[in-house]
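Structure record follows, encoded as structure tokens.
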Amino acid sequence: MKKTIDCLVNVHFGEREQPSWMVRTRDDYFKGSSSMFDPVDMSALLDEMDANGVAKAVLMDNLTTPSVTARKFVEARPDRFALAIGGLNLLRPVPTLRDLSAITNDLPVVYTVVGPSFWGDGQYPPSDAVYYPLYAKCAELDLPLCVNTGIPGPPIPGEVQHPIHLDRVCVRFPELRLCMIHGADPWWDVAIRMLIKYRNLRLMTSAWSPKRLPDSLLHYMRTRGTGKIIFASDWPVLRMDRVVPEARALDLSAEAMDRYLYRNAADFFFADRGAVFEQEN
């Protein structure tokens with residue numbers, strides 16, 4: 001079985017009571033079971049990874065309220081787990097970015113993440129200057145940054161997650177490794193045009209069932225976008241047992257499949273800091 005990297009896994013849901021909008025998203029949007037928010041057993045997660053050829057999983061963590069579970073898993077199995085850091089207070093950039101720099105030195109952080117709809121009452125698109133200190137710091141650290149794009153599942157404002165807002169960001173920060181996450185629905189064609197335009201931009205299909213990916217994206221993955229699309233599940237929102245087999249069933253060449261499931265993530269998120277990365281055509 002070909003190796004896979006799952007670039008977005010949530011093991012922290014069971015650590016605290018979830019807000020009402022998360023419960024609504026589980027029940028109304030994803031039609032998930034109540035077990036989605038249960039505490040996670042590491043052995044069970046590793047069993048699911050092994051059954052699906054998942055060599056590594058990137059666990060979501062939080063700068064403000066660290067995930068005990070995620071950090072315990074990383075400490076126990078650094079060969080299988082790495083971290084992604086969210087929870088950044090961009091209205092207080094100096095202490096926030098000082099803490100971000102420190103944690104990247106202490107822990108195996110492979111990217112940081114921000115969801116424009118999920119903070120600041122959804123009033124700051126990624127083109128707003130409030131993000132610029134974060135962009136500059138991530139570029140300085142050569143730390144990939146993931147930004148939510150597409151209309152979000154929760155009942156919160158979605159317009160700030162239109163991928164066109166990243167156009168100016170890519171122009172002004174060409175050194176920044178930038179990845180759109182959670183797809184880009186309903187603006188897939190805009191996202192694809194952006195991916196063609198900028199060599200430092202990628203797109204992750206987290207929280208999307210592979211069998212429901214649009215034909216335009218699959219065509220791009222088969223052709224000039226072979227090196228640009230990255231797999232992730234958003235586990236347990238979508239289980240690996242479901243989405244990995246769906247991904248392997250896509251009509252992709254062996255080369256395109258390997259890049260989608262493994263090599264694009266390995267090159268973009270796990271390459272040595274300071275390494276030069278090239279757009280794959």
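Keep in mind that what you see is a predicted model, and the values were worked out from it rather than measured.
- The CD atom of E255 sits 7.0 Å away from the OG1 atom of T226 when rounded to the nearest 0.5 Å.
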Handout entry: Check against side-chain contact (heavy atoms from CB on, under 4.5 Å), L166 and M194
Key = CA-CA 8 Å; L166 296 174; M194 296 272 289; 3.8 Å; yes
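- Using a distance-only test at 3.5 Å, with no hydrogens or angles considered, a donor-acceptor pair links the side chain of S117 to the main chain of P157.
- Sparse packing is recorded around CD of E159, with 12 or fewer heavy atoms of other residues, nucleotides or ligands lying under 6.0 Å away.
- A single hydrophobic cluster is seen to contain both W188 and I196, as judged by linkage of ILVMFWY side chains at heavy-atom distances under 4.5 Å, directly or through other members.
- In this structure, C146 SG and I181 CD1 are separated by 5.0 Å, a value rounded to the nearest 0.5 Å.
- Residue pairs meeting the ring-ring contact (aromatic ring centres under 6.0 Å, His included) criterion with at least one member in residues 221-255, sequence neighbours excluded: F231-Y260.
- Summarising the geometry, atom CD1 belonging to I230 is positioned 11.5 Å from atom CG belonging to L8; distances are rounded to the nearest 0.5 Å.
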Exercise for the section: For side-chain contact (heavy atoms from CB on, under 4.5 Å), just list the numbers for V113 and V147, CA-CA rounded to whole Å, side-chain angles, deciding distance to a tenth of an Å, and then say yes or no. Expected result: CA-CA 6 Å; V113 60; V147 179; over 6 Å; no
Practice task
Under the side-chain contact (heavy atoms from CB on, under 4.5 Å) rule, what do D61 and H12 come out as? Steps first, then yes or no, please.
Solution key: CA-CA 8 Å; D61 198 0; H12 61 284; over 6 Å; no
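- F268 has its side chain out of reach of Y111: every pair of non-hydrogen atoms, C-beta onward, lies at least 4.5 Å apart.
- In this structure, H162 and H165 have perpendicular ring planes: the angle between them is above 60°, well past the 30° mark.
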Exercise for the section: Dump the intermediate steps for salt bridge (Lys or Arg N to Asp or Glu O under 4.0 Å) on R239 and D241, then the final yes or no. Expected result: CA-CA 5 Å; R239 308 287 302 206; D241 287 335; 5.4 Å; no
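- Considering only heavy atoms from C-beta on, R259 stays 4.5 Å or farther from L252 through its side chain.
- When side chains are defined from C-beta on, N52 counts as touching P245, because their heavy atoms get closer than 4.5 Å.
- Around atom CG of D215, no more than 12 heavy atoms belonging to other residues, nucleotides or ligands sit under 6.0 Å away.
- Within the structure, every pair that satisfies the ring-ring contact (aromatic ring centres under 6.0 Å, His included) test and touches residues 55-80, not counting sequence neighbours, is listed here: F73-F81.
- Contact check for N148 versus V114: no side-chain heavy atoms found under the 4.5 Å cut-off.
- Counting heavy atoms from C-beta outward, I151 and D185 have side chains that stay 4.5 Å or more apart.
- Between the side chain of E75 and the main chain of K72, no donor-acceptor pair closer than 3.5 Å is present.
- Between the NZ atom of K137 and the CG atom of L176 there is a distance of 13.5 Å, given to the nearest 0.5 Å.
- I85 and L91 fall within a single hydrophobic cluster, where Ile, Leu, Val, Met, Phe, Trp and Tyr are joined by side-chain heavy atoms under 4.5 Å apart, directly or via other members.
- In terms of heavy atoms, D41 sits closest to A44 at OD2-N, 2.9 Å.
- Using a 4.5 Å heavy-atom threshold, the side chains of W187 and I164 count as separate.
- Contact annotation: the side chain of V58 never approaches that of V9 to less than 4.5 Å [non-hydrogen atoms, C-beta and beyond].
- Here the side chain of R224 pairs no donor or acceptor atom with the backbone of M221 at under 3.5 angstrom.
- When T149, L203, L201 are each tested for a side-chain contact (heavy atoms from CB on, under 4.5 Å) with P163, only one passes: T149.
- The residue from Y198, Y132, Y131 that alone fulfils the ring-ring contact (aromatic ring centres under 6.0 Å, His included) condition with F173 is Y132.
- For residues 119-130, no pair satisfies salt bridge (charged side-chain N to carboxylate O under 4.0 Å, His left out), with sequence neighbours left out.
- Considering CE of M42 and CG of L59, their distance stands at 10.5 Å, rounded to 0.5 Å.
- Interatomic distance, NZ of K3 versus NZ of K56, reported as 9.5 Å (0.5 Å rounding).
- The one candidate from V244, I5, L45 that meets the side-chain contact (heavy atoms from CB on, under 4.5 Å) condition with V54 is V244.
- Side-chain contact check for S206 and H182: at least one donor-acceptor pair (N or O, by modelled atom type) lies under 3.5 Å.
- Side-chain atoms of T4 and R248 form a donor-acceptor pair, as typed in the model, at a separation below 3.5 Å.
- A donor-acceptor pair shorter than 3.5 Å can be found between the side chains of S233 and D6.
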Exercise for the section: Let me see the working for V109 and F269 under side-chain contact (heavy atoms from CB on, under 4.5 Å), right down to the final yes or no. Expected result: CA-CA 9 Å; V109 177; F269 293 129; over 6 Å; no
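- Taking the side chain as every heavy atom from C-beta outward, R80 and L46 approach each other to under 4.5 Å.
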Practice task
Would you check, one step at a time, whether the test side-chain hydrogen bond (donor to acceptor under 3.5 Å, both in side chains) holds for S209 with E246?
Solution key: CA-CA 7 Å; S209 164; E246 284 187 9; 2.4 Å; yes
